[in-house]
Amino acid sequence: MTETIEWQFGGWLGSLPPVAAWAILGSFAVVGGALVVWSYRRTLRALTPAARWALTLLRLALLLALLICLANPERVREITPPPPHRQLAVVVDRSDSMAAADFRGTTRLATATRQWKQHEEKARQAFTDVATFRFAAAFSPAASFDEAVKSAQTGASETRLYTALEQALAGAPAAIVCLTDGLDTTNAETDKLVARAQRDGIPIYFAAGTNRIRGSERLNIREIKAPSRVLRRSEFTASALISVDAENVRDVPIELWSGATRIAAQSLPMRPGRNTLVWPVKITAPEPGSMPLEFRLGTSASLQSASCTTQIVDREKVDVLYYQGALQWGYRYLFTALQGDPSFRMESILNPALGVHLTAGARNGDTLVDLPESAAELRRFQIVILAHVFANQLSPARQKALVEYARGGGGVLFIAPDSQATRAFAGTALEEMLPVAFLDPQAEDATARSVRRFQDQLLSTFGATDTADPIDERAEGGARQDVPPLQPFAPPRGTSPSAAANLFRNADAASLPRFSLSADVRSVKPGAEILAVKPDASPNDAAVPLLVRQQFGNGFTAVLATDLLWRWKMSLPSSSHAVEKFWQQLLLSLANTSSREGLRLSKVTDAPALDTPVLLRATAPSTTRPPTVEAISPEGGRTLLNLEAAAPGEDDGWKTSFTPKQAGVWKVRAKDAFDNEAGLQFTVSTKPRTTEALDLPPDLDTMRRIAAATGGAVLDETPAFRAPDDTPTIKPSRKLRPIWHSSGLLAALLGLYGVELLARRWFRLL
């Protein structure tokens with residue numbers, strides 16, 4: 001910080017060059033001084049030379065002070081800000097895999113350190129500060145890089161790499177350098193880490209730790225998922241979450257069996273290091289009965305298996321919540337269609353403002369008076385129907401609950417024949433969940449609004465007018481209008497037979513639904529399935545969708561952009577059941593009954609070993625009674641295991657453990673009160689081996705992917721950091737304070753003038 005005096009020259013002098021301004025002020029000083037001397041050369045009274053010069057000097061001092069004020073002196077304080085703080089976070093992996101030496105005695109940490117030392121000097125020039133951290137199971141700061149490398153780290157049998165990098169990002173450094181081999185034992189995903197680094201603009205660099213340790217491999221089925229009950233001849237998905245620690249690139253076989261029948265088989269490509277992936281299989285349910293499912297991973301030498309049972313049923317109870325924003329004619333026909341099928345239990349909320357509530361089918365539990373604002377209260381239903389609702393009836397909390405409900409496995413059917421009502425849902429959370437995008441409410445044609453206002457004015461002024469059309473009545477949307485004739489649903493182009501015919505099991509196209517009113521939508525979202533469109537689209541025009549469905553999370557959402565089809569019901573013979581079949585099949589396509597899982601066994605311990613407890617977890621949501629679980633040794637010995645309820649905050653179910661006394665292939669079998677079975681098969685080694693002790697190869701692919709996505713690099717011989725020599729010079733900030741604009745200077749001027757007046761009075765010149 002420096003302080004100087006500058007002359008700013010106020011008023012019209014400020015527009016002149018400094019030399020000219022000083023010349024003018026100098027001229028005034030010379031002329032003014034001459035006039036002052038001349039004025040005191042002759043006075044009214046005779047003065048001594050000393051008195052005359054005293055008065056002259058006082059007047060000259062006042063003149064010079066005024067001229068200095070005109071020069072506008074200002075004290076300038078220049079403050080040069082420090083360079084921007086750019087911290088580099090150096091994160092050192094101190095897990096066991098980094099400390100293991102190969103046959104040459106070289107560790108991965110030594111290799112990574114040597115790589116970092118080649119770039120350290122340039123990095124310190126490019127950043128104002130370097131902070132060092134270390135991690136294994138925990139993340140902690142280090143006093144220096146040497147201290148981080150040499151000090152021991154607790155929990156070194158684990159590597160929480162991605163958690164450590166996220167904690168480093170929380171400190172908001174300018175960049176991160178991580179010395180690691182890229183292994184992470186927590187099976188965490190990198191997407192969240194990369195997204196945060198990209199959002200904060202923090203590049204991540206890696207100094208890769210490599211050596212020549214020969215690795216080993218391990219296979220593990222961490223979890224399997226399959227529904228506990230599915231409808232006969234329906235399609236469901238069974239999946240296995242597998243983890244493979246591979247030494248090099250290879251293919252690992254995996255199969256799904258049902259009894260003696262192999263349903264699916266595939267060879268999954270694996271890269272070196274830790275591989276975690278889900279293998280899903282689409283299965284067509286057979287006739288009613290028990291369907292055993294067993295996933296087998298690997299070959300006979302390292303076979304891992306996990307099994308469960310799915311019950312195939314002829315009918316499935318479907319609980320439906322029907323929510324209607326306004327009273328409509330079509331409700332009674334939908335209610336009757338579901339009431340005739342014992343598979344459906346329907347609870348209805350009709351126009352919440354009127355408090356109308358109906359229930360079809362026996363149900364245990366309290367009835368609802370309005371749509372709940374919690375997804376937990378909706379989970380007792382498989383389907384929620386929103387019919388003729390308006391945006392002001394669905395608060396943000398209710399829409400959020402519906403989104404969570406659908407994502408968790410529920411089905412949501414949105415029915416609306418009025419484009420004006422659907423426009424209000426554009427941009428809401430409900431629209432994000434549904435398979436279509438609604439029209440923009442701001443883009444409505446001005447002419448259409450004017451015509452509608454004019455029609456409303458006529459209707460309110462003159463009332464209903466006579467018409468020859470007997471169908472002139474209040475439409476579904478609430479405004480009086482001429483109802484168009486019935487139109488049939490049309491299959492979307494390029495499908496044969498129609499998707500709608502397949503969905504509703506109607507072989508005859510004439511039996512497809514018919515509607516009279518419909519709403520337009522802006523677009524269909526990618527991945528959504530169009531089941532029906534308007535029949536009047538020309539070959540060159542895009543078809544207008546009427547019924548669209550998509551999977552959302554674990555559930556399904558659908559939009560029916562028509563009325564409730566009650567006029568179609570009235571046009572059919574009384575003996576026809578086409579309407580009932582339509583509603584029942586449509587709702588069954590949305591009822592994700594397969595999301596309810598049954599008896600499951602999972603192995604918490606990744607690498608079972610001799611004389612080491614093997615932790616197991618059993619889940620059976622369909623019952624509160626614990627299943628029977630037994631462990632079978634390689635020699636066939638059976639041990640019944642005691643189960644205890646999982647602690648609060650853990651997954652539902654029970655946990656147990658056993659300590660194997662024999663190495664080899666062990667089996668665990670579970671059976672519940674409904675004769676559902678689940679099983680595991682795994683190998684118990686002679687000594688415990690953690691992931692760190694498997695000597696897996698460095699995960700260079702993941703390190704390169706993270707570095708490239710965040711703007712960093714995997715350090716090599718190429719310079720990665722550049723000193724900020726070309727950084728633009730930061731100009732110092734200037735604080736100006738006028739000197740003449742002060743009470744002290746004003747007091748001095750007044751003092752000089754006052755002293756002169758007193759002196760003149762003293763010498764009797766006044």
Side-chain angles (χ1 to χ4, degrees), residues 89-120 130-168 176-188 190 204-218 243 245-248 271-275 605-607 609 612 685-704 706-707 714-716:
V90 179
V91 183
V92 182
D93 184 351
R94 293 294 288 111
S95 59
D96 287 343
S97 64
M98 293 290 288
D102 59 13
F103 65 92
R104 303 171 302 170
T106 302
T107 65
R108 294 178 178 179
L109 181 58
T111 305
T113 300
R114 186 166 56 252
Q115 194 68 257
W116 161 239
K117 288 297 183 180
Q118 297 178 7
H119 300 269
E120 184 178 18
V130 177
T132 307
F133 304 88
R134 58 174 175 262
F135 75 94
F139 179 83
S140 61
S144 65
F145 179 79
D146 292 337
E147 191 267 340
V149 170
K150 295 178 181 179
S151 62
Q153 179 77 357
T154 59
S157 61
E158 296 183 58
T159 304
R160 300 184 179 181
L161 170 61
Y162 305 137
T163 302
L165 289 177
E166 287 185 5
Q167 290 179 280
I176 295 176
V177 173
C178 184
L179 285 72
T180 182
D181 55 5
L183 301 181
D184 185 285
T185 61
T186 63
N187 302 307
T190 62
I204 300 178
Y205 298 84
F206 290 97
T210 59
N211 60 2
R212 298 181 182 179
I213 289 180
R214 182 174 178 82
S216 55
E217 295 185 339
R218 185 174 65 193
S243 175
D245 298 320
E247 178 187 2
N248 45 40
R271 55 176 176 79
R274 168 63 60 91
N275 299 265
T605 304
D606 281 346
T612 303
S685 60
T686 56
K687 60 179 181 179
R689 300 200 69 186
T690 63
T691 301
E692 288 293 322
L694 288 176
D695 299 329
L696 296 175
D699 194 352
L700 294 173
D701 291 341
T702 300
M703 286 190 280
R704 290 191 183 99
I706 295 175
V714 176
L715 300 181
D716 51 21

Qualifying residues under salt bridge (charged side-chain N to carboxylate O under 4.0 Å, His left out), relative to [X], sequence neighbours excluded:
| X | answer |
| --- | --- |
| R104 | D102 |
| R114 | none |
| E166 | none |
| D701 | R704 |

Shortest non-hydrogen contact from [X] to [Y]?
| X | Y | answer |
| --- | --- | --- |
| A164 | F135 | CB-CG, 3.5 Å |
| T111 | A208 | CG2-O, 4.2 Å |
| T210 | P698 | CG2-CG, 3.8 Å |
| L183 | P697 | CD2-O, 3.5 Å |
| F133 | A89 | CE1-CB, 4.0 Å |

List in chain and number order the residues that pass side chain to side chain contact (heavy atoms under 4.5 Å, CB included) with [X], two or more places apart in sequence or in another chain; answer none if no residue qualifies.
| X | answer |
| --- | --- |
| T702 | Y162, T190, R271, D699, R705, I706 |
| A148 | V92, T132, R134, A142 |
| T113 | L109, K117, F145, V149, L179 |
| A99 | none |

Interatomic distance, [X] atom [atom1] to [Y] atom [atom2] [nearest 0.5 angstrom]:
| X | Y | atom1 | atom2 | value |
| --- | --- | --- | --- | --- |
| Y205 | I176 | OH | CD1 | 11.5 Å |
| R108 | T106 | CZ | OG1 | 12.0 Å |
| L161 | T185 | CG | OG1 | 9.5 Å |
| L700 | D181 | CG | CG | 9.0 Å |
| T163 | E158 | OG1 | CD | 10.0 Å |

Next on the checklist: Do L715 and Q118 have side chains that approach each other closer than 4.5 Å (heavy atoms only, starting at C-beta)?
Outcome noted: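 The answer is no; the side chains never approach within 4.5 Å.
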
Next on the checklist: Holding to side chain to side chain donor-acceptor pair (under 3.5 Å), I want the full list of residues that pass it with Q115, two or more places apart in sequence or in another chain.
Outcome noted: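 Partners of Q115 by the side chain to side chain donor-acceptor pair (under 3.5 Å) criterion come out as none, since no residue qualifies.
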
Next on the checklist: Less than 3.5 Å apart, any donor N or O on the side chain of S144 or D146 sitting next to an acceptor on the other?
Outcome noted: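 Checked: S144/D146 side chains show no N/O donor-acceptor pair below 3.5 Å.
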
Item to check | ring-ring contact (aromatic ring centres under 6.0 Å, His included) partners for F206, two or more places apart | outcome: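 ring-ring contact (aromatic ring centres under 6.0 Å, His included) list for F206, sorted by chain: empty.
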
